Every structure is written in C-alpha cells, then in structure tokens.
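Reviewing the structure listed below.
What you see is a predicted model, and the numbers here were worked out from it, not measured in a lab. By convention in this document, chain letters (A, B, ...) are assigned in the order of the sequence lines, proteins followed by strands, and residues within each chain are numbered from 1.
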Amino acid sequence: MKRIKIKALLSSPLLGSDVLVKGWVRTKRGNKNIVFITLNDGSTINNIQVVVDAGSFDENLLKDISTGACIAVNGKLIKSQGQGQNIEINATTIELYGKSDAETYPLQKKGHSMEFLRENSHLRFRTNTFGAVFRIRHAMAFAIHKYFNDKGFFYLHTPIITGSDCEGAGEMFHVTTMDLKNMPHNEGGSVDFRNDFFGKETNLTVSGQLEGELGALALGDIYTFGPTFRAENSNTPRHLAEFWMIEPEMAFYDLTDNMDLAEEFVKYLIRYALDNCREDMEFLNNMIDKALLERLKFVLENEFVRITYTEAVTILTASGKKWDYMVGWGRDLQAEHERYLVEEHFKRPVILTDYPKEIKAFYMKQNDDGKTVRAMDVLFPGIGEIIGGSQREEQYDRLLARIKEMKLPEKDLWWYLDTRKFGTAPHSGFGLGFERLILFVTGMSNIRDVIPFPRTPKNAEF
RNA sequence: UCCUCAGUAGCUCAGUUGGUUAGAGCGUCGGACUGUUAAUCCGCAGGUCGUAGGUUCGAGUCCUACCUGGGGAGCCA
C-alpha cells in the first residue's frame, strides 16, 4: 500500500478507505482500552488523529509509541466521534520505525522557549512553529524564483569564494588551504598567499553584486540568490554571519525603476505567503504575533513612502524629539531615526533615497549636486533596513575618481571597471536579506529562528 | 564590541534584610480512568543553585573575573 501524506489526506478525505500514513508522534493519551495518537508528518501543520483499540495491539508496542517516536499506521479513514477533528484513522496495524526515549527526548508536548529550541536546532523542525516557519521559508524561496523567472530575469550564480575585498560590506572570512599553524610570511611580515590554493588571498563572499552587474550588462536582467558571509561581531536578533541574499541587477533601470521593482517584488512575496501558506500563517498569527496578518495586509494595500535623505533629515529635525544620536545632514541615520520615520511619522514602509555620498558605497551613481548618490534603503517596521540598493555609477571617469578618493585597490577592480569602459549602460540593483524578509512574513522576532542552522558569533553547532 | 538583564530539577520559573533538611507547575516514571484534544486524577523519583575565586560564624542570596543566553546599541542585509 502506498503512503499518503497527511496534507493530501486532509484536503480530500476518502471516508471509509484504507490509508497508510507515516509520521512522528506529537502526543499520545488514553487508557487501557483506547489510545489516541496525534501524528504529524511535516507536510502540513495539521495532524491526523490515530485511534487505537488497545486490546488488539501488543502492549509493549503501544508503550514505545511516545512523543517523538516515528510510526507507520495502516487503518480505515473514518469520521471522528470526538470534537477536535473531522476525520481520524482507526488503526489496523502500526509499525514502529523509531522509538523515542521519553526520558531523554528533549521536546515535550508542552511548549518550549525559543532559546531552548535554538539549542535543539536539530529537533526543532518537529515543532509547530518551526514547521510553519520552514515551510514558509521554502515557499518564499520558490516564489522568488517564480517572480523573477516570470519577469524574464536570469538566475546568475555568483561565486561564493571571492578574490576581491572591494565591496566593503563587512569583515570577511578567509578561505585557505594553508597550514594555519605554520603560515608562510614574506619579508614585510604579512602572510604570503602565493602558494595558497588560489595563489592569492581569498574570502567568502559578502555580496554577489559586483559580479551580478557583469551579468546584467550582457543578459539584461539577472538576480542572484545565495549565501553570503559576514565576519562581523554582530550580536543582534537581525544579524547572521551566514545569511542568504537576493540581489537583482537590471540594465537600463534608473533609481525609480529600481524602487518600483523592489516594492512590487516584496509585495508579491507577501501576497504569495498569504495565498499559499494560509494555515501556517494563521498559526503564526495566533501563536507568535497577533498582529501579523493585519500588518502584512496593510503593507500590501499601501504604497511605500518615498522621500530623500534630505527630506528625512528635515522631518527628523522638525519632530522636536530628543535623540540619543544627533540628526544632521551628512550623518548616517540611526536605528532610532529610521524607526521614528517608519513606525511613528509615516506608519508604513519607507524608501529613503539620495544619501550623502560619504556614507555610501563607491559604486553608487553620483548626483549632479556633487553631494549625494542615487541610493535607496527600504525600511520596514520592526526590522529596519530590509533592502539596500542603488543606481550604479556607469560613467568610467566618475567611478574611477570615486575609487581613488576612497583609496580602494583600483587594480583589483579592473574587471569591474571594464564594464564601464566597454559599452557601459545605466543600471540599478538592490539586495534583499532573505532572512529579514522571512522575519517580516512570519512575525518571528529573532533571525536565528528563521534559518535552519544559524551561524552567529560563538555558535556553529550542528 | 559597548550597555543592560538573566543563568536554581528534563522544561518554565519562585526563593523574604545572608540563617536549619532549596520550592512550585509542567514533563518523566508508577497507578486509576471505555472517546481523549498540550486529557484528567493519585503517587514516587529528580538539584554539587553557570564556572572559578573572595567576604562571612554562615552564601542560591553580597563582591570580583570569566562563560553562556535574552534585550538594546553599533556594523549592516
């Protein structure tokens, strides 16, 4: 007999038919005569109740069916006599695949703290919350590919090991095959990488953007979606040392096109989650964040506010608020400022544009005022910056001048500069932190709980 | 990295101005119950109080350092 997934079983139940389900026991209760097993197989947040006539089964088998055990149940699908569910399975045979010692199995029937479950990341998939989160995470990954594919974007695989440290996005993890206890040094005292695997210093990528631009300036519209690495000692609920990023890069897009795409893209993903992950979303709305669905619908129904950095500074100055950090043109906006704009002043997502060039990356297109660049940050309530992007500087001379001004290693960027030398084109792009999107969509509050195996300072277990 | 709070039973927590044998709920285990819903009821077991020093007649409680975790900040996505 062929196994049926619980999701399929529940969506079109054939009452009276014999079915075979396989899954993990959530709870078991009952007495000498009748036993109820709540079974979940991960296909859906919903469980199927298995009813067992205790007299017709081996006592020891029933004893071994404890929370966490894995079983296969063959039985008849019937209308439930009880209250909590419509259908249930009247067990004919039960095969025990794997026992789960009740004394040592970490997960109880009752709830656990997020911190405890994080220490048990190998088992937390078996909880309702993490089942929901990771099903939604999958759906979002799928929707990202669908959105871009439908729009004619090409998925470009940019390298994970990189030989350049030019993006300036953060501290990098070194990649080497050399003996760490016996690193060769050259006369100046610095490490000699000439005999290393790549013959030069290499790192894990902090962004695929620069390579993405190379693709866009030939294929038109591309996107990357892959892991990125930052060796920053960031200890916050919004940062990971290893996280996934989506970076579209589009030829012939100006900053407005870029903003339009970013807004449409994020709204598409939110709508996809609401339309396709309904039960998981409702569970999270009930158990994790009562305002989740309402907030997501609000974001869908309202346009993002678009203002310039200069306008934001004016608003912040005029607010009369006492800030921990000073507001002033030329200073970067702090979390408290961004939060005020998003959560108090506008009460909706905000896109800030045209930042002072001094606080932004070298590749951003310089405005004619000589002071600002065509940057955009999309700010979300509760999360802060979810997207950072810009129109890129396509003029060779200006880009080179900026590289020199910022004392970046010009010779390492020869391939990047070549795109401006040969058939340059206006283009734009942005980066979306995948886990930050998942945070927003699920209502979870710690980024470590929306990636299966979080990598953070002092933590690489599992 | 900085600020701040916390670390006591498997889990979640209580523990009075420092004072005898450190408590509860849940879970586990044993028992009861013929339809349960994170079942219910009865009972047993379970703790070198994060680690290392120190103060004191006496430390879970006070002090110092370190470790781990939460929240906030910085860096950013």
Ion pair present between A/R278 and A/E282, side-chain N to carboxylate O less than 4.0 angstrom?
-> yes
Heavy atoms under 4.0 Å, any strand shown: does A/I386 hit a base, just sugar-phosphate, or nothing?
-> sugar-phosphate
Distances for protein N or O near nucleotides 72-74 of chain B N or O, under 3.5 Å:
from: B/A73; atom 1: OP1; to: A/R339; atom 2: NH1; distance (Å): 3.3
from: B/A73; atom 1: OP1; to: A/R339; atom 2: NH2; distance (Å): 3.0
from: B/A73; atom 1: O2'; to: A/Y325; atom 2: OH; distance (Å): 2.9
from: B/A73; atom 1: N6; to: A/N235; atom 2: O; distance (Å): 3.4
from: B/G74; atom 1: OP1; to: A/Q334; atom 2: OE1; distance (Å): 2.7
from: B/G74; atom 1: OP1; to: A/A335; atom 2: N; distance (Å): 3.2
from: B/G74; atom 1: N2; to: A/N233; atom 2: O; distance (Å): 3.3

With the sugar-phosphate defined as primed atoms, P, OP1 and OP2, and the base as all remaining atoms, what B/S/- string results for nucleotides 3-10 of chain B, 5' to 3', for protein heavy atoms under 4.0 Å?
-> -------B
RNA chain B contacts made by residues 62-95 of chain A, counting heavy atoms under 4.0 Å | A/K63, A/S80, A/Q81, A/G82, A/Q83, A/G84, A/Q85, A/E88
Give a yes or no on whether a donor-acceptor pair under 3.5 Å exists between the nucleobase atoms of B/C33, that is its base, and the side chain of A/R29.
-> no
Looking across every strand, which nucleic acid part, if any, lies under 4.0 Å from A/Q49 by heavy atom: base, sugar-phosphate, or nothing?
-> base
Sugar-phosphate, base or nothing in reach of A/I387, heavy atoms under 4.0 Å | sugar-phosphate
Report which part of the nucleic acid A/G384 touches: base, sugar-phosphate, or nothing (heavy-atom distance under 4.0 Å, all strands).
-> nothing
Grab the CD-P distance between A/E115 and B/C11 for me, whole Å please.
-> 13 Å
Steps toward salt bridge (charged side-chain N to carboxylate O under 4.0 Å, His left out) verdict (A/K22, A/D41) | CA-CA 6 Å; A/K22 302 181 178 187; A/D41 70 358; over 6 Å; no
What N/O pairs connect the protein and nucleotides 45-52 of chain B at under 3.5 Å? Give each pair on its own line.
none

For the pair made of CG in A/L39 and C1' in B/U36, what is the distance, rounded to whole Å?
-> 16 Å
Could you give the distance separating B/A24 and B/A9 at their C1' atoms, to the nearest angstrom?
-> 11 Å
Atom CG of A/N459 and atom C1' of B/C67: how far apart are they, to the nearest Å?
-> 14 Å
When you compare B/G60 with B/G47, how far apart are their C1' atoms, in angstrom units rounded to a whole number?
-> 11 Å
What integer distance in Å separates A/R26:CZ from B/A38:P?
-> 13 Å
Verify whether the ring centers belonging to A/F304 and A/F380 lie closer than 6.0 Å.
-> yes
OP1 or OP2 of B/A38 under 4.0 Å from side-chain N/O of A/T27 | no
In residues 342-356 of chain A, which residues come under 4.0 Å of RNA chain B by heavy atom?
-> none
Determine if A/F243 stacks with B/A77; use a centre-to-centre distance below 5.5 Å and an interplanar angle below 30° as the criteria.
-> yes
Ring-ring centroid check A/F265 A/Y147, cutoff 6.0 Å | yes
Runs of at least three consecutive pairs that involve RNA chain B, where pairs are Watson-Crick or G-U with distances under 3.5 Å | B:1-7 with B:67-73, B:10-13 with B:23-26, B:29-32 with B:40-43, B:50-54 with B:62-66
Which of these nucleotides, B/C11, B/A32, B/G69, is closest to any side-chain atom of A/H112?
-> B/C11
Assess the pair A/F134 and A/F125: is the distance between their ring centroids shorter than 6.0 Å?
-> yes
Check: A/H145 ring centroid to A/Y155 ring centroid under 6.0 Å = yes
Qualifying residue for side chain to side chain donor-acceptor pair (under 3.5 Å) with A/Y363, from A/R392, A/Q209, A/E393 = A/Q209
